Amino acid sequence: MSDRIIYLDHAATTPLDQRVLAAMLPYLSEQPGNPSSIHQLGRAALHALDDAREVVALVLGCTRKEIVFTGGGSESDNLAIKGVALAQRQRGKGSHIITSEVEHHAVLNAVAYLEQCGFTVTLLPVDRSGFVRPDDLRAAIRPDTALVSVMYANNEVGTVQPIAALGAICHEYGVPLHTDAVQAAGMLPLDVNALNVDLMTLTAHKFYGPKGVGLLYVRHGTPLLPQINGGGQERRRRAGTENVAGIVGLATALTLAEERRPTYVARLSDLRDRLIDGVLECVPQSWLNGDRELRLANNANLGFACAEGESVLLLLDQHGICASSGSACSSGSLEPSHVLTAMGLSVDNATCSVRFSLGQGSRAEDIDTVIAALPALIDRLREVAPCLPGSV
Ligand SMILES: *Cc1c(COP(=O)(O)O)cnc(C)c1O
């Protein structure tokens, strides 16, 4: 047991950066204004909101009017999917939605809800590495397609989708493209024009900002019905008094993430490769899930034949190592990951996979500690629950 906790679950959430906290604090106490109030405290809050919007627009390469602040990634995904689909149907633009099999549940379940409301849905398959093929998208688009939603980078296996290519196809047919870019922030370029996207979801707590605040980029002219009705905040696209401190935190965190991106990505991908190479070398019958190259700099999703993922996690936890199996949201359910099964893994191999996601605090020594701990730990599990050889 080491006393230092080795946190390798940054894809689930990241710790708040101290500089982000410092930027937020005034808006939690001394500056309590509601941005809708006309007195000076209200104006101060509105000013902070405007500044945050400006800063975010700069990173995304869009205008301030195209940013809608929300209560996080799930809300942004829901707003994008339900908001656009319902607006499109209302305008007679069709009721067919295309998404992929490997999306986050915030997307998949929003789409499933719309299916219950009479929409038709096409789920694009992925290849062994988790990539959506642009040709499959082209073949799936119909005259009544109202929206396409494909994530930028996968939260479980880190696979980075060819979003710009998918966007080009959507635009040929005049169909808006939403991308869940939650895992991409701080790792990949977020310029919405280079990416060819019309809607993009981000959430602050995945890039060292606070939990419970996110944004949806909505390209000018994209039809969108609000999903939270009430006051006229966020240009009538999302009612409710703005989370001023949270939004200031999001903007500060995004600026910091963008500033450090080149060095962060270089450092983390070295550590990631050290982990992948080390584990594949030291643990027999282990494998890497996802693409070796086109993956997030911080993601190593590894499989261990005959060692059930949740059990590996519990033993790692005893060593002070925090990792994840599947996505945090579906863990505890013991359902195999829908991402890994969509990639063609057997149910057995899908349940025998563990995600390590690195971040700012990760050091080479931590990686070496994991590599040193794993072989004995996996052996132990294989002894208790032996299984047939050759299942890899
Ligand atoms: C974490 C995550 C979300 C959900 O974001 P919340 O802010 O926790 O609601 C959505 N999509 C992806 C890809 C994620 O990793």
Side-chain angles (χ1 to χ4, degrees), residues 7-16 20 56 68-83 99-113 126 130-132 149-161 163 166 177-188 190 195 197 199-217 227-228 238 240 243 246-247 249-251 253-254 257 289-290 295-301 322-332 337-340 342-343 355-359:
Y7 184 74
L8 295 175
D9 201 12
H10 291 82
T13 195
T14 55
L16 190 67
V20 174
V56 168
V68 180
F69 289 117
T70 68
S74 300
E75 187 189 321
S76 294
D77 283 340
N78 274 266
L79 174 58
I81 289 162
K82 295 175 189 168
T99 186
S100 85
E101 286 184 348
V102 297
E103 299 298 309
H104 189 273
H105 281 117
V107 167
L108 286 178
N109 289 340
V111 168
Y113 168 82
V126 294
F131 292 112
V132 168
S149 184
V150 177
M151 72 203 313
Y152 193 175
N154 188 269
N155 47 304
E156 292 188 34
V157 294
T159 302
V160 180
Q161 300 293 350
I163 293 299
L166 301 178
L177 173 65
H178 166 251
T179 194
D180 177 333
V182 165
Q183 293 290 336
M187 309 264 191
L188 297 167
L190 294 177
L195 282 171
V197 296
L199 303 114
M200 184 166 79
T201 289
L202 292 178
T203 185
H205 76 102
K206 303 284 174 86
F207 50 88
Y208 308 95
K211 293 172 179 61
V213 59
L215 69 83
L216 181 66
Y217 157 74
Q227 297 304 300
I228 296 180
R238 199 270 191 184
N243 176 359
I247 292 166
L250 180 154
L254 189 61
N289 292 311
R295 70 188 301 126
L296 286 173
N298 74 334
N299 176 294
N301 188 311
C322 304
S324 160
S325 74
S327 56
C329 325
S330 50
S331 68
S337 148
H338 68 287
V339 173
L340 296 176
M343 285 162 57
R355 176 188 73 188
F356 299 94
S357 47
L358 287 57

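From a predicted model like this one, the values you see are computed outputs, not experimental measurements. Both ligands and their constituent atoms are indexed starting at 1 by order of listing. The basis for the numbers below is simple: all heavy atoms, side chains too, and nothing from hydrogens, waters or symmetry mates.
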Exercise for review: Consider every N or O of Asn155 and every N or O of ligand 1, then say whether any pair is closer than 3.5 Å.
Suggested key: no
Check your understanding: Backbone, side chain, both or neither: what part of Gln183 comes under 4.0 angstrom of ligand 1, heavy atoms only?
Key -> side chain
Review point. Distance only, no hydrogens: is a donor on one side chain within 3.5 Å (strictly under) of an acceptor on the other, for Ser357 and His10?
Key: no
Review point. Heavy atom under 4.0 Å from ligand 1: found in Lys206's side chain, backbone, both, or neither?
Key: side chain
Check your understanding: Which of the atoms of ligand 1 are close to His205, meaning less than 4.0 Å from one of its heavy atoms?
Key -> 6 (P), 7 (O), 8 (O)
Point to revise | pair Met151-Gln183: side-chain heavy atoms closer than 4.5 Å | key: no
Practice item. Indicate the atoms forming the closest heavy-atom contact of Val126 with Ala342, along with that distance. Key: CG2-O, 3.6 Å
Review point. What about Gly73: any of its N or O atoms under 3.5 Å from an N or O on ligand 1?
Key: yes
Exercise for review: Please list, chain by chain and in numerical order, all residues satisfying side chain to side chain donor-acceptor pair (under 3.5 Å) with Asn243, sequence neighbours excluded.
Suggested key: none
Anything under 3.5 Å between a donor and an acceptor, one on a side chain of residues 207-217, the other on a protein residue two or more places apart or in another chain? List them.
from, atom 1, to, atom 2, distance (Å)
Tyr208, OH, Tyr264, OH, 2.6
Tyr208, OH, Gln360, N, 2.7
Lys211, NZ, Thr13, OG1, 3.2

Check your understanding: Which atoms of ligand 1 have any heavy atom of Asp77 under 4.0 Å away?
Key -> 10 (C), 11 (N)
Point to revise | Option set Asp180, Thr203, Val182, Thr201, criterion heavy-atom distance to atom 11 (N) of ligand 1, minimum | key: Asp180
**Study point:** side-chain hydrogen bond (donor to acceptor under 3.5 Å, both in side chains) assessment of Thr201 paired with Asp77
**Key:** CA-CA 6 Å; Thr201 289; Asp77 283 340; 2.9 Å; yes
Study note, to complete from the structure: Short version for Ala106: what comes under 4.0 Å of ligand 1, heavy atoms counted, is neither
